[in-house]
Amino acid sequence: MNWAIIHPQTQQQWSNYYHLRWQLLRMPWKQPKGSEQDLLESNSIHVMVVDSQQSVLAVARGHQNSKKQAQIRYMAVLGAYQNQGIGQQLLQYLEQQIQQCFQVKAIVLNARESAIGFYLKQGYQIIGTASTLYGCIPHVKMQKRL
């Protein structure tokens, strides 16, 4: 399959990017459109995987928490494209972008239980518990030192 990692730039790309975030990370829990965005959007690195028809297959965002630490949020891959290396390559690309732009010492993220194994394979370690989203989705806090 042909796909590429890009930064959304056009209005249509941004619309598709946020739609996938909402579709995979908010809609299943009956969260409204708009809940897939927060106040850090304009200060973040946004990346997505698109196929040859420009359909969005995966998304992720990184932002700086402090001088030494960045955070990855809103990472999601369409179910039909999971376990094909797309998530791994998207994560590695975003980590490189974070290092170049923010020059931090560590990246943290809050992982759903179903994603813990994926992040462990990418070099992240569990460092604690994180909030339970919508009262029903437990998360763990993970970190990767750079």
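Computed from heavy atoms alone, side chains included, the values below leave out hydrogens, waters and symmetry copies. Just so it is clear, the structure is predicted and the values come from calculations on it, not from any experiment.
- Not a single side-chain hydrogen bond (donor to acceptor under 3.5 Å, both in side chains) links Gln100 to another residue, sequence neighbours left out.
- With contacts defined as side-chain heavy-atom distances shorter than 4.5 Å, the pair Leu90/Val47 qualifies.
- A heavy-atom distance below 4.5 Å is not found between the side chains of Ile126 and Lys141.
- At least one side-chain heavy atom of Arg112 sits under 4.5 Å from a side-chain heavy atom of Leu25.
- Summarising the geometry, atom CD belonging to Gln96 is positioned 11.5 Å from atom CD1 belonging to Ile45; distances are rounded to the nearest 0.5 Å.
- Val49 and Trp22 fall into different hydrophobic clusters, where Ile, Leu, Val, Met, Phe, Trp and Tyr residues are linked whenever their side-chain heavy atoms come under 4.5 Å apart, directly or through other members.
- Aromatic ring pairs are classed by plane angle as parallel below 30°, tilted from 30° to 60° and perpendicular above 60°; the pair Trp14 and Tyr18 is parallel.
- The environment of NZ in Lys33 is crowded: more than 12 heavy-atom neighbours from other residues, nucleotides or ligands sit within 6.0 Å.
- For the residue pair Leu24 and Leu78, the shortest heavy atom distance occurs at CD1-N, 3.7 Å.
- Taking each heavy atom of Ala58 and Val77 in turn, the nearest pair found is CB-CG2, 3.7 Å.
- In this structure, CD on Gln103 lies 11.5 Å from CG on Leu146, to the nearest 0.5 angstrom.
- Here the CD atom belonging to Glu95 is positioned 3.5 Å from the NZ atom belonging to Lys144, to the nearest 0.5 angstrom.
- Between the side chain of Gln13 and the backbone N or O of Thr10 there is at least one donor-acceptor pair closer than 3.5 Å.
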#### Entry: Pair His7-Tyr17, ring-ring contact (aromatic ring centres under 6.0 Å, His included): steps then yes or no
CA-CA 10 Å; His7 298 265; Tyr17 169 84; over 10 Å; no
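- Note that the CD atom of Gln69 and the CZ atom of Arg145 stand 9.0 Å from one another [nearest 0.5 Å].
- Atom CH2 of Trp3 is separated from atom CG of Asp51 by 11.5 Å, given to the nearest 0.5 angstrom.
- Residues Ile116 and Ala111 come closest through the heavy atom pair CG1-CB, 4.5 Å.
- Between the Gln84 side chain and the Ala80 main chain, a donor and an acceptor come within less than 3.5 Å of each other.
- Shown here for Ile5 and Gln89, the closest heavy-atom pair between the two residues is CD1-O, 3.6 Å.
- More than 12 heavy atoms of other residues, nucleotides or ligands sit less than 6.0 Å from atom CD of Gln37.
- Under the 3.5 Å distance criterion, the side-chain polar atoms of Glu41 are left unmatched by any main-chain donor or acceptor of Leu39.
- Using a 4.5 Å cut-off on side-chain heavy atoms (C-beta onward), Phe118 and Asn83 make no contact.
- For the pair Arg61 and Met75, the minimum side-chain heavy-atom distance is 4.5 Å or more.
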### Message
Go through it in stages, so that I can follow the logic: the residues are Tyr74 and Asp38, the test is side-chain hydrogen bond (donor to acceptor under 3.5 Å, both in side chains), and I'd like the CA-CA distance, side-chain angles, deciding distance and then a yes or no.
### Response
CA-CA 11 Å; Tyr74 303 112; Asp38 62 32; 3.0 Å; yes
### Query
Given the rule in the side-chain hydrogen bond (donor to acceptor under 3.5 Å, both in side chains) test, do His19 and Arg21 qualify, once you have shown the distances and angles that lead to the verdict?
CA-CA 5 Å; His19 180 76; Arg21 272 179 30 179; over 6 Å; no
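- Ser66 contributes atom OG, which lies 10.5 Å from atom CD of Gln71 (distance to the nearest 0.5 angstrom).
- One hydrophobic cluster holds both Leu57 and Leu91 under the rule that ILVMFWY side chains link at heavy-atom gaps under 4.5 Å.
- Checked options Leu120, Ile107, Ile127, Ile72; the residue passing with Met142 is Leu120 (criterion: side-chain contact (heavy atoms from CB on, under 4.5 Å)).
- Across His46 and Ser44, no two heavy atoms sit closer than the pair CD2-O, 3.5 Å.
- At a threshold of 4.5 Å between non-hydrogen side-chain atoms, the residues Arg73 and His63 count as touching.
- Cluster membership check: Met48 does not share its hydrophobic cluster with Met27, using side-chain heavy-atom separations under 4.5 Å among Ile, Leu, Val, Met, Phe, Trp and Tyr.
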